[in-house]
Amino acid sequence: MAWRAELRTASFRDVPFHVEGATLAAGRRLARHEYPQRDVPYLEDMGRRAREYKVEAYIVGPDYMAGRDQLLAAIEEAGPGQLVHPYHGTVRVTVSDCQLTESTQHGGLAKFSITFVEAGEQREPATETDTEGVLDAQYLACEAAFAGDFGRVFSIDGLPEFAAQDALDSVNALLELPEMALGELGWIRANPLSALTALLPENLQASLGNPLALANGILALVRNAAGVMSLFAFSRPAVGSAIVTPTRQAQNRNRAAFTSLVRQAAAARRIVDLAKSEPATLDDARLARAEIVTRADAVLLDEATGQQAAEAILQLRTDAVAHFARIQPQLPRLVSVTPQAVRPALVLAHDFYGDDWLAAGREDELLARNRVRHPGFVPAGRALELVS
């Protein structure tokens, strides 16, 4: 293959530019030891030197200033970025020095003399907070707060039979949801210490008189459920009555407390699931973080939410956001690329990612993320999302 065919289109942080020449500085880091009365020195090898890529970059054209500003912004952005080097492929680098030259003599041209330094990675021992462990601990604290608030509000003591039956109907309405099925009852009966035993048919009537045990059973059920999205629509609305009696007030109070408990449990479970979801890109992480805030705010704004529950869900939201803050710097970003011609997905993947596209499964990722119907014909003129 001719060397010209192997040249890449140069870019930094997805901002393209022309290259006239490039220089690579490489070698070994050596500590020179010269001893008295010895003619022969000793050179101690301290490892490979960080590579420096010196590039003469050009932005050319009648509207060159827009491209110039984009490249300058990419150069001044904090942290390492992806450089597509015309001769050395894709490398992760940090800009150490840049000089921009413009003149009226050479109008329509901006010349950048850029020094890129190999970014490498930090491998020194470091301490950091186990944000996932903190999140798990706060999740348990939330459940304890939810159960405590529920136990102080929910009660069937002194109520007539129809009001107690209404409370039982609330529990049964939850258990009838496909996601909330108890499953194998024999397994639950074989584990008398399980909180789910409070929801067994033979124990449910007695559990109504023990709100704390009932709440712990509901929380355990939600915690182990396959999904919780349907629970956000769960509701036991207040019973309307022309005459507001103490019994009716207690009945509606129990309904509101039960609805609130279910939604609180669903919100806490969803927040933890989102925080542990391992988002593929920075954009996915931002969407998950936004939903975390929304779910927590819904609990905080609910009039039936008690003080302990509000404080607990607020701390859970804080811990989940802190977890995202720790993992976000490691996440890639989404960039938008619009092909100007119909091309195969593997060609687009190779052009954008370089030589590692096959091992990293970039073609399959491109197809799945953009829902391309045929891998051999990626449509032109339609923006594609690519993981940078």
Side-chain angles (χ1 to χ4, degrees), residues 1-30 45-61 64-103 106 108-122 332-333 335-341 343-363 365-366 378 384 386-388:
M1 181 182 293
W3 65 272
R4 292 183 185 276
E6 297 188 25
L7 292 179
R8 312 277 178 79
T9 299
S11 67
F12 180 57
R13 298 190 199 274
D14 305 316
V15 179
F17 53 84
H18 301 284
V19 174
E20 183 178 87
T23 304
L24 170 65
R28 308 291 295 180
R29 290 179 289 118
L30 301 175
D45 192 333
M46 305 295 289
R48 183 172 70 81
R49 172 184 169 185
R51 293 181 177 181
E52 292 188 0
Y53 302 89
K54 297 182 179 180
V55 175
E56 298 294 325
Y58 294 88
I59 302 294
V60 184
Y64 81 97
M65 289 185 177
R68 174 203 63 188
D69 294 342
Q70 290 180 3
L71 181 57
L72 189 59
I75 290 171
E76 293 180 333
E77 184 176 332
Q82 178 177 281
L83 168 68
V84 178
H85 197 287
Y87 303 103
H88 299 286
T90 303
V91 289
R92 189 166 174 265
V93 296
T94 300
V95 177
S96 67
D97 185 62
C98 172
Q99 290 184 335
L100 169 61
T101 303
E102 296 175 272
S103 68
H106 301 93
L109 181 145
K111 176 183 177 182
F112 290 81
S113 298
I114 313 172
T115 300
F116 298 100
V117 180
E118 179 183 11
E121 57 185 14
Q122 181 180 0
R333 296 177 299 171
V335 297
S336 179
V337 175
T338 304
Q340 300 304 310
R343 306 173 72 189
L346 63 89
V347 174
L348 291 172
H350 184 269
D351 286 349
F352 187 79
Y353 296 110
D355 294 336
D356 67 341
W357 69 272
L358 181 60
R362 297 299 192 180
E363 181 188 4
E365 180 184 70
L366 186 156
V378 178
L384 300 176
L386 298 177
V387 178
S388 174

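Counting from 1, the numbers follow the sequence of the chain as shown. Computed over heavy atoms, backbone and side chain alike; hydrogens, waters and symmetry mates excluded. Treat the numbers as computed from the prediction; the structure is a model and nothing was measured.
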Here the gap from Ile114 atom CD1 to Leu71 atom CG, rounded to the nearest 0.5 Å, amounts to 5.0 Å
- Message: side-chain contact (heavy atoms from CB on, under 4.5 Å), that's the test. Do Phe116 and Val91 meet it? Break it down for me.
- Response: CA-CA 10 Å; Phe116 298 100; Val91 289; over 6 Å; no
Residues Lys111 and Leu109: closest non-hydrogen pair is N-CD2, 4.0 Å
Here the salt bridge (Lys or Arg N to Asp or Glu O under 4.0 Å) pairs for residues 85-101, sequence neighbours left out, are none
Given the rule in the side-chain contact (heavy atoms from CB on, under 4.5 Å) test, do Phe112 and Leu72 qualify, once you have shown the distances and angles that lead to the verdict? CA-CA 9 Å; Phe112 290 81; Leu72 189 59; 4.3 Å; yes
Minimal heavy-atom distance between Phe17 and Ala57, with the atoms involved, is CD1-CB, 3.4 Å
Notebook entry, point to check: Would Tyr87 and Leu24 satisfy side-chain contact (heavy atoms from CB on, under 4.5 Å), going step by step from the backbone distance to the final call?
Noted result: CA-CA 10 Å; Tyr87 303 103; Leu24 170 65; over 6 Å; no
Nearest heavy-atom contact between Ser11 and Pro16 is CB-CA, 3.8 Å
TODO: Show your working on side-chain contact (heavy atoms from CB on, under 4.5 Å) between His88 and Arg51 and close with a plain yes or no.
DONE: CA-CA 11 Å; His88 299 286; Arg51 293 181 177 181; 5.8 Å; no
Requested in this report: Keeping the roles fixed (side chain from Arg13, backbone from Glu77), state whether a donor-acceptor pair exists under 3.5 Å.
Outcome: yes
In short, Ala26 meets Arg49 closest at the heavy-atom pair O-NH1, 3.9 Å
Between Ala10 and Val19, the two heavy atoms sitting closest are CB-CG2, 3.5 Å
Residues Ile59 and Arg68: closest non-hydrogen pair is CG2-N, 3.8 Å
Here the side chain to side chain donor-acceptor pair (under 3.5 Å) pairs for residues 18-30, sequence neighbours left out, are Glu20-Tyr58, Arg28-Asp45
